[in-house]
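In what follows, a single structure is set out as structure tokens and then discussed.
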Protein chains: 2
Amino acid sequence: MATMQDVARRAQVSIATVSFVLNNTKPVTAATRDRVEAAMAELGYRRNPAGSALARGRTDIIALLYPALQRQLHATATRFFTSAAERASERGFSLVLWPAANEAAQIDELTRSGLIDGVLLMEVQLEDARVDALRRGSTPFALIGRTQDPTGLPFVDIDFEQTVVSAVEELVARGHTDIAFVYDHSGPTTLHAYGAIARASRTFHDTLAQSGLTGTSVDCRENPRAGRRLGETFRDDFPDVTAVLIMNELASPGFTTGLRRSGTAVPEDLSVLSIVSSETVASMSDPELTFMRAPAVELGRLGADAIIDRITAPDSALPHTLVPCELVPGSTLGDAPAR
Amino acid sequence: MATMQDVARRAQVSIATVSFVLNNTKPVTAATRDRVEAAMAELGYRRNPAGSALARGRTDIIALLYPALQRQLHATATRFFTSAAERASERGFSLVLWPAANEAAQIDELTRSGLIDGVLLMEVQLEDARVDALRRGSTPFALIGRTQDPTGLPFVDIDFEQTVVSAVEELVARGHTDIAFVYDHSGPTTLHAYGAIARASRTFHDTLAQSGLTGTSVDCRENPRAGRRLGETFRDDFPDVTAVLIMNELASPGFTTGLRRSGTAVPEDLSVLSIVSSETVASMSDPELTFMRAPAVELGRLGADAIIDRITAPDSALPHTLVPCELVPGSTLGDAPAR
DNA sequence: TTGTAAGCGTTATCAA
DNA sequence: TTGATAACGCTTACAA
């Protein structure tokens, strides 16, 4: 493994000069530059990141923290990741998924180690101990998601409010007046405390209230079987509901299965609109779900930009970016049945 | 951020002594050890990995290379990852998902950088340029998967041969004599050249041949819609087939949907057995798929052990471990219809 | 424009 | 049992 010293020797220059051409950090005559580059090529030289990190105090590595060990890494989340990684790479950083760092203590550990330059946090909860840990520390960070009060925090997030408003408007425009909102109500081990759920749910009720309507909240765990069970008894349990907003990607295909099995016609008897979902899962359902696509690719890019900006320009304005989901037509949305 | 020097000063010992207690690398009197540990605690000292890496020439970081930027990170793959990460952490290593290193050149880049101690490779193809690159280099590596001829390579993999044999036996025992095997035949951008497909397909035909039967290969892209289209015309296109072995997790729920839509009763008219799949996806199907579960958790652990053994004991025997999938009952397997 | 040399934080050898 | 000290590979004033 060739070192800078080797390159310098071969190019007959000092080690400093090699560094200058490698990093474009000082002007170098074309001739010397050529010699150095030739030497690097011949030796197959690669900068040793450990040495570089030690000298610069930076590693150009960003950790994406996702509770993958506890929660399932679902289709949408993986898109965030790949998109963010791609963007980071464009900007000269490596973004890696760090699975073993999802409690406050582990975050302390990771950030104080100096191994990484910044942290991108996913699956943020309304009250999130990890965010507190990051705040206390000095490692730059950004959130994909938001806490209860994200003032003073750099974040990018899905615009759940706007998404739900659009979704409800869509349903109301089609004449629906009795609408249910399905999501996982269970404790903080799943989505309960996640900002996503909290914001969407509140907006759902607020928006309906403004139209003089009231909505129903329905609980459903995040797996296809729970969705199916819900679907099977839905008509009996909620006879007046004509449209369902479901924010539970994993349960959604099961839900339509359950409806079909119990003889509930979709969308004739019941419209279903899945929000914050993806093509892959929506097309597993029968009929294919009309859904609102999570802007995973865009948010991934924005998230990467957010954390990299924090690192490279700590004084820049904090990003507070919200991106709504976009409606993708399917076969589960219809007009309210006549009464 | 406290350094060793700070700790040494505070504990009134030399920096070397601090290193000895930190790494348990030389005997130290209980008294001094206590002083040092106290100092570390008081200062909240953490070892700086960059310095350590530079001095030791090791980082204790393992990169899991998965073509996540090209292929979708599916449910089963994420289980591999989380399981491997957990095991690595138990053994004192960090295993991170490295998205931007899936071509030979990038692998050179990554391994020569010295940033990581080892590489765990997923989605291995029969002829895999990445494996060649790793062979040429000196970075320890292990495969989750196999090339055409894996002799001399450390690997753990699904026992596709055994899995398919069991699957076929199951179907034959139920009287099926006309069996189709569904998978994605398309080019190397998807599974085509992956060992998984090649091995399973060959075994499928061999096993049937031994029973004096012949099987049919059927092409289907890896997405739910392709599965559905296939299902919709399956009866017409393959009127004699009574059982389907499908190795295409993403397409499988769509396939049952297509069958149902075209009036093909499962399992009365057609049995379906999905191999190398997972609970999550199998239960999205209606009826729920009988499937053979990919041993993701076990293989993840074994993969982590494999690469860590290569790093810590380069002379140990090369692992050649195969683990078959296990049958999980569902509702899509039945006896062959009487003729 | 290029070179010298002092760090960056650890590890590990060699003495004491 | 402990302490000096020379690496490890790179960056970056400061000098020339």
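Per chain, numbering begins at 1; letters A, B, ... match sequence-line order.
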Notebook entry, point to check: How close or far is atom P of dT11(D) from atom CG of Asn24(A), stated in whole angstroms?
Noted result: 12 Å

Item checked: Listed nucleotide nearest any side-chain atom of Val13(A), set dT1(C), dG3(C), dG3(D) -> dG3(C)

Note to self: Just N and O in the side chain of Thr32(A): are any of them under 4.0 Å from OP1 or OP2 of dT2(C)?
What the structure shows: yes

Notebook entry, point to check: CZ of Arg33(A) versus C1' of dT2(C): gap in Å, rounded?
Noted result: 13 Å

Check: With Thr147(A), which of Leu121(A), Val124(A), Asp132(A) fulfils side chain to side chain contact (heavy atoms under 4.5 Å, CB included)?
Finding: Val124(A)

Notebook entry, point to check: Does the side chain of Phe20(A) come within less than 4.5 Å of Val36(A)'s, by heavy atoms?
Noted result: no

Next item on the list: Return the value, rounded to whole Å, for the distance between atom CZ of Arg9(A) and atom P of dG3(C).
Entry: 14 Å

Item checked: Set of residues satisfying ring-ring contact (aromatic ring centres under 6.0 Å, His included) with respect to Phe141(A), sequence neighbours excluded -> none

Note to self: Looking at Asn23(B) and Thr25(B), would you say the former's side chain and the latter's main chain have a donor-acceptor pair under 3.5 Å?
What the structure shows: no

Item checked: Nucleic acid footprint by protein, nucleotides 9-16 of chain C - heavy-atom cut-off 4.0 Å, B for base, S for sugar-phosphate alone -> BBBBBB--

Check: Given the rule in the side chain to side chain contact (heavy atoms under 4.5 Å, CB included) test, do Leu299(A) and Ile158(A) qualify, once you have shown the distances and angles that lead to the verdict?
Finding: CA-CA 8 Å; Leu299(A) 277 186; Ile158(A) 295 175; 3.5 Å; yes

Check: Are any of the side-chain heavy atoms of Asp117(A) and Asp60(A) separated by less than 4.5 Å?
Finding: yes

